Enquirer: 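First the structure, which I've put down as structure tokens, then a few questions once you've had a look.
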Protein chains: 2
Amino acid sequence: MKSCTTDAKGLLKIEDQMCFALYSTSRAITKQYAPLLAKLDVTYPQYLTLMVLWQRDGILVQEIASSLEIDQATATPLIQRLEKSGIVTRQRSKEDERKVQVFLTAKGRDLYKLALSVPHDLGCAIGVDDKLAKKLIKEANSIKRSIQRIGSATDDKDLDQVNTG
Amino acid sequence: MKSCTTDAKGLLKIEDQMCFALYSTSRAITKQYAPLLAKLDVTYPQYLTLMVLWQRDGILVQEIASSLEIDQATATPLIQRLEKSGIVTRQRSKEDERKVQVFLTAKGRDLYKLALSVPHDLGCAIGVDDKLAKKLIKEANSIKRSIQRIGSATDDKDLDQVNTG
DNA sequence: TTACATTATATAGCAGGCTAATGAATTGTG
DNA sequence: CACAATTCATTAGCCTGCTATATAATGTAA
């Protein structure tokens, strides 16, 4: 009788896990980005970094990290690689020497024109209609808000739960 | 006039990107898993691997890879780390020496009992109701299907698109 | 049966991700 | 002012992920 050490009842199935659905789908889409971003010679996280810089050039390492919702220690080498590619430059702030500002180079600014076709091309590659995309963004954001809400509730008292795995 | 090299019109904003929403949300949830899985002394991908093995012990490396929707070259070292932790054993198949079967050890089987509380505890940590979770799984799966559909359509002729970024 | 393709796994090299620890600059406080 | 705490960035060490390549076993065709 192995019923205690195997999942005969199917209580822990990978295809029922919300996190797995998001994790595998985001990787599937990222894989579709790859050939498009290859034309700009950047990776997906580097592309996200550029998006932020095209909005606000000269922002700090920490601001890029929080925009991408990644750790600062992940952002530093990411930006260093962009610097090595000649897409950005880094420069210590004069007012506060702890801070490092990230600036687009001419090459980095020029990539913007190439990037403009990426969303359209990706739409072709994944064939997802705009309505579903917007709905998913909304739902994903509501999950992140919920996590933040619970996480900040140091006094976690009456938090009831469900099996959302 | 920098309007050609910066995104004044907001055409490429990170918060409008569906892929970013999935990518950042999946990492946010994975971070909530970490303390729960620390009790089993496994990572999230290792936990997914265990889920598959609790369903079908003794399956091949390639079967684990396809279940997790990761590359086979990612699966091998993942399984090797589980082996080093004493959670699984690997063994060349007798009938076909190319194949490697992965078996749970007693320790690996025992972890199942501990894992049973993970979905509940994660629900507490992220506070997402079951209905939303199921909806997201469905939507994510429909995206993956759409990608497969287009990807397999070598004769991609009349595929119209949208900006789903 | 030799030759060639295919299959299954493993390895190498690179780019993220994370936590933890380090270092340098700034801020806050007694 | 001095010293502690904080802040910002970097580095180190680990675990994913990927592509490309290698290696061995199997399948297939001439």
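Just so we're clear, the structure is a prediction, and the values are computed from it rather than from any experiment.
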Enquirer: When you get a sec, tell me which of dA15(C), dT10(D), dT16(D) is the closest nucleotide to the side chain of Arg81(A)?
Expert: dA15(C)

Enquirer: Measure CD/Gln32(A) against P/dC18(D) and give the value in whole Å, please.
Expert: 13 Å

Enquirer: Apply side chain to side chain donor-acceptor pair (under 3.5 Å) to Thr76(A) and Gln72(A), showing your working.
Expert: CA-CA 6 Å; Thr76(A) 292; Gln72(A) 200 177 46; over 6 Å; no

Enquirer: Are Tyr44(B) and dC18(C) close enough that a side-chain N or O sits under 4.0 Å from OP1 or OP2?
Expert: no

Enquirer: How many Å lie between CD1 on Ile87(B) and C1' on dC15(D), as a whole number?
Expert: 14 Å

Enquirer: Can you tell me the distance, in whole Å, between the CD atom of Glu97(B) and the P atom of dA10(C)?
Expert: 13 Å

Enquirer: For Gln62(A) and dT10(D), give me the distance from atom CD to atom P, rounded to whole Å.
Expert: 11 Å

Enquirer: Check whether the side chain of Arg98(B) and the base of dT9(C) form a donor-acceptor pair under 3.5 Å.
Expert: no

Enquirer: Nearest nucleotide by nearest heavy atom, which residue falls closer to the 5' end of DNA chain D, Glu63(A) or Asp96(B)?
Expert: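 By nearest-heavy-atom nucleotide position, the 5'-most residue is Glu63(A).
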
Enquirer: Are there over 12 heavy-atom neighbours, none belonging to Asp96(B), within less than 6.0 Å of that residue's CG?
Expert: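 More than 12 within 6.0 Å, yes.
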
Enquirer: Rounded to the nearest angstrom, tell me the gap between atom NZ in Lys31(A) and atom P in dA20(D).
Expert: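 Those two atoms, NZ and P, are 12 Å apart.
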
Enquirer: Between Arg90(A) and dA9(D), does any side-chain N or O lie under 4.0 Å from OP1 or OP2?
Expert: no

Enquirer: Could you pick out which residue, Arg27(A) or Arg92(A), lies toward the 5' side of DNA chain D when each is mapped onto its nearest nucleotide?
Expert: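 Nearer the 5' end of the strand: Arg92(A).
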
Enquirer: Got a sec? Which of residues 68-77 of chain B come in under 4.0 Å of DNA chain D, heavy atoms?
Expert: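 Nucleic-acid contacts, sorted: Ile70(B), Asp71(B), Ala73(B), Thr74(B).
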
Enquirer: Look at the side chain of Val61(A) and decide which nucleotide, out of dT10(D), dG16(C), dT19(C), has an atom nearest to it.
Expert: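 Output: dT10(D).
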
Enquirer: When you measure from the side chain of Tyr33(B) to the backbone N and O of Val118(B), does any donor-acceptor pair fall under 3.5 Å?
Expert: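 Between the backbone of Val118(B) and the side chain of Tyr33(B) there is no qualifying donor-acceptor contact (under 3.5 Å).
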
Enquirer: Could you tell me whether Gln101(B) contacts a base, only the sugar-phosphate backbone, or nothing, with contacts defined as non-hydrogen atoms closer than 4.0 Å?
Expert: nothing

Enquirer: Is the shortest side-chain heavy-atom distance between Tyr23(B) and Ile70(A) below 4.5 Å?
Expert: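 Yes; the side chains approach each other to less than 4.5 Å.
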
Enquirer: Of the candidate nucleotides dA10(C), dA9(D), dC15(D), which contains the atom at the shortest distance from the side chain of Gln46(B)?
Expert: dC15(D)

Enquirer: How far does CG of Leu132(B) sit from CD of Glu139(A), to the nearest 0.5 angstrom?
Expert: 5.5 Å

Enquirer: Less than 4.0 angstrom between a side-chain N/O of Tyr23(A) and OP1 or OP2 of dG17(D), yes or no?
Expert: yes

Enquirer: What's the spacing between Asp41(B) CG and Lys107(B) NZ if we round to 0.5 Å?
Expert: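 These two atoms lie 6.5 Å from each other.
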
Enquirer: Starting from C1' on dT9(C), measure out to CD on Glu83(B) and report it in whole angstrom.
Expert: 13 Å

Enquirer: Classify the side-chain pair Gln91(B)/Gln101(B) by whether it contains a donor and acceptor separated by less than 3.5 Å.
Expert: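 Looking only at side-chain atoms, Gln101(B) and Gln91(B) do not form any donor-acceptor pair under 3.5 Å.
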
Enquirer: Within this structure, what is the CG-to-P distance between Leu82(B) and dC14(D), rounded to whole angstrom?
Expert: 17 Å

Enquirer: When the distance from CD of Gln91(B) to C1' of dT9(C) is rounded to whole Å, what number comes out?
Expert: 15 Å

Enquirer: Under 4.0 Å from OP1 or OP2 of dA9(D): is there any side-chain N or O of Lys99(A) that close?
Expert: no

Enquirer: Within the supplied structure, the quantity of interest is the number of heavy atoms (other residues, nucleotides, ligands) at a distance under 6.0 Å from Asn141(B) CG; does it exceed 12?
Expert: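 Enclosed: over 12 neighbouring heavy atoms sit under 6.0 Å from CG of Asn141(B).
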
